Number of protein chains: 2
Amino acid sequence: MILGGRMDNEEIIRQSQAACEALSAEDDGLKREVLTHAGNRWSLGIVHTLGVAGRLRHAEIARRMRGVSQRMLTRSLRQLERDGLVTRQDYNEVPPRVDYELSELGRGLLARMIPLWMWVAENADGFRDARILYDSDISSDTK
Amino acid sequence: MILGGRMDNEEIIRQSQAACEALSAEDDGLKREVLTHAGNRWSLGIVHTLGVAGRLRHAEIARRMRGVSQRMLTRSLRQLERDGLVTRQDYNEVPPRVDYELSELGRGLLARMIPLWMWVAENADGFRDARILYDSDISSDTK
DNA sequence: CAGTATCCTTGCGGATACTG
DNA sequence: CAGTATCCGCAAGGATACTG
């Protein structure tokens, strides 16, 4: 299994601890929160799209993202705006014209996600294999 | 807004594109999948706990994670096992004794999350501010 | 064009009780 | 101890129709 820039385990653990001490105990929930915001179905895709394309109109984003419903696109964009990751500009024209762009914070997030995506790409096959077993879920509830 | 090791935008975009070209178009869903697996309520916490503590028994993990139900802990561990991030060893003793450990892949993931957590810690206040507005959700459905 | 307003399905995740 | 087996509420997210 290819692991790009190899770190030794001690180093990983040390850094991980450092990162988690920087977050106070109370802030542990912050991680979860970041991931329930950034991690909803579309947000990270939007961040990436805006990162690559720069400033885009609503419809442009929709076009580049295949499969988003209007509802979810708006919802996600508003979330991202509230989280301060995206800025929204409404020109108050008619017909409407609104466009979106990554904020500084959003660009920061994108930058921090890069190592993760690189790694996902490297290990894509590993994940694909795992995916095969998905039907048999443990928690019955399978009425 | 503090952005730790500053990269310029062009660099971010270039790298981000590189990462996403490495992922084939079809693999775009992989990102989502990684995040819906790793991003469920407890998985990343478990990965972190195991990363720091090494090899742990079921009950040990539960103790360190305040708030997990037995059900969700088992469920999450099994997910992680299927995803190849965690290895499970059952000693087939009675009373039961099972322990869990990060796999190489799991350690890889942990390592890739570090920049993100560092960044979250740095920008914690920004997020906390954003959090205040949460009650007013856009998508009505608020019957 | 850029949204709202509804309706509806799915599945996560908590609580509780039970078992080998 | 390390799980299963159920029951349940709630929120995410899709489909569709409508509006300024």
Side-chain angles (χ1 to χ4, degrees), chain A residues 29 32-33 35-46 50 55-82 86-101 134-143, chain B residues 29 32-33 35-46 50 55-82 86-101 134-143:
Chain A
R32 271 214 308 273
E33 201 158 329
L35 268 130
T36 17
H37 288 184
N40 69 44
R41 181 111 200 232
W42 304 104
S43 300
L44 285 172
I46 295 173
L50 289 177
R55 167 174 287 244
L56 289 178
R57 303 183 56 168
H58 183 107
E60 284 291 324
I61 303 174
R63 202 161 305 128
R64 290 166 198 244
M65 300 222 9
R66 306 292 243 200
V68 226
S69 60
Q70 271 194 353
R71 179 171 177 265
M72 288 318 294
L73 182 54
T74 303
R75 230 159 156 344
S76 304
L77 283 167
R78 294 300 229 266
Q79 263 289 354
L80 292 169
E81 193 194 1
R82 284 204 302 272
V86 158
T87 59
R88 184 186 117 104
Q89 180 162 10
D90 187 340
Y91 293 91
N92 286 107
E93 294 176 1
V94 40
R97 172 188 168 82
V98 179
D99 52 31
Y100 297 89
E101 193 174 16
Y134 278 3
D135 24 305
S136 66
D137 196 311
I138 196 78
S139 99
S140 11
D141 261 297
T142 36
K143 34 183 162 185
Chain B
R32 270 214 309 273
E33 201 158 330
L35 268 131
T36 17
H37 288 183
N40 69 43
R41 180 112 198 231
W42 304 105
S43 300
L44 285 173
I46 296 173
L50 289 177
R55 165 174 290 244
L56 290 178
R57 303 182 58 167
H58 183 106
E60 284 291 325
I61 304 175
R63 201 162 305 129
R64 290 167 197 241
M65 300 225 6
R66 306 290 244 202
V68 228
S69 60
Q70 271 195 353
R71 180 172 176 262
M72 288 317 294
L73 182 54
T74 304
R75 230 159 156 340
S76 304
L77 283 167
R78 294 300 229 267
Q79 262 290 352
L80 292 168
E81 193 194 1
R82 284 205 301 271
V86 158
T87 59
R88 185 186 116 104
Q89 180 162 10
D90 187 339
Y91 293 91
N92 287 106
E93 294 174 0
V94 38
R97 172 188 167 82
V98 179
D99 50 32
Y100 297 89
E101 193 175 16
Y134 278 4
D135 23 306
S136 66
D137 197 310
I138 196 77
S139 99
S140 12
D141 261 299
T142 35
K143 33 182 163 180

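Treat the numbers as computed from the prediction; the structure is a model and nothing was measured. Chain identifiers are assigned alphabetically (A, B, ...) following the order of the sequence lines, protein sequences preceding nucleic acid strands; residue numbering begins at 1 within each chain.
Residues meeting the salt bridge (charged side-chain N to carboxylate O under 4.0 Å, His left out) test with Arg41(B), sequence neighbours left out: none.
In this structure, Leu73(B) places its CG atom 18 Å from P of dT16(C), rounding to the nearest Å. Atom P of nucleotide dC12(C) and atom CZ of Arg78(B) are separated by 16 Å, given to the nearest angstrom. Regarding Asn40(A), its CG atom lies at a distance of 18 Å from the P atom of dG11(C), rounded to whole Å. Rounded to a whole Å, the CD1 atom of Ile61(B) is 13 Å from the C1' atom of dC1(D). A straight line from CG of Asn92(B) to P of dG3(D) spans 11 Å, rounded to a whole angstrom. To the nearest angstrom, C1' of dA2(C) lies 13 Å from CZ of Arg63(A). For His58(B) and dA2(D), the NE2 to C1' distance is 6 Å, given to the nearest whole Å. Put simply, CZ on Arg41(A) is 16 Å from C1' on dA11(D), counting in whole angstrom units.
The line from OH of Tyr100(B) to CG of Leu77(B) is 5.0 Å long, rounded to the nearest 0.5 Å. With values rounded to the nearest 0.5 angstrom, Ile61(B) atom CD1 is found 9.5 Å from Thr74(B) atom OG1.
No donor-acceptor contact under 3.5 Å links the side chain of Arg75(A) to the base of dG13(D). For Arg71(B) against dG14(C), a side-chain N or O and a base N or O form a donor-acceptor pair under 3.5 Å.
A side chain to side chain donor-acceptor pair (under 3.5 Å) with Glu60(B) holds for exactly one of His58(B), Arg57(B), Arg63(B); it is Arg63(B).
The shortest distance between side-chain heavy atoms of Arg75(A) and Arg78(A) does not fall below 4.5 Å. A heavy-atom distance below 4.5 Å is not found between the side chains of Val86(B) and Arg88(B). Counting heavy atoms from C-beta outward, Gln89(B) and Glu101(B) have side chains that stay 4.5 Å or more apart.
For dG3(C), the OP1/OP2 oxygens have no side-chain nitrogen or oxygen of Arg57(A) closer than 4.0 Å. The side chain of Arg88(A) contributes an N or O atom lying less than 4.0 Å from OP1 or OP2 of dG3(C).
Counting only Watson-Crick or G-U wobble pairs whose defining distances are both under 3.5 Å, the stems of 3 or more consecutive pairs in DNA chain D are C:1-20 with D:1-20.
For Gln70(B) and Gly39(A), each mapped to the nucleotide of DNA chain D holding its nearest heavy atom, the one lying further toward the 5' end belongs to Gln70(B). Residue Asp90(A) is the one, among Asp90(A) and Ser69(B), whose nearest nucleotide of DNA chain C lies closer to the 5' end (criterion: closest heavy atom).
Note on Tyr100(B): only backbone sugar-phosphate atoms sit closer than 4.0 angstrom, heavy atoms only; bases stay farther off.
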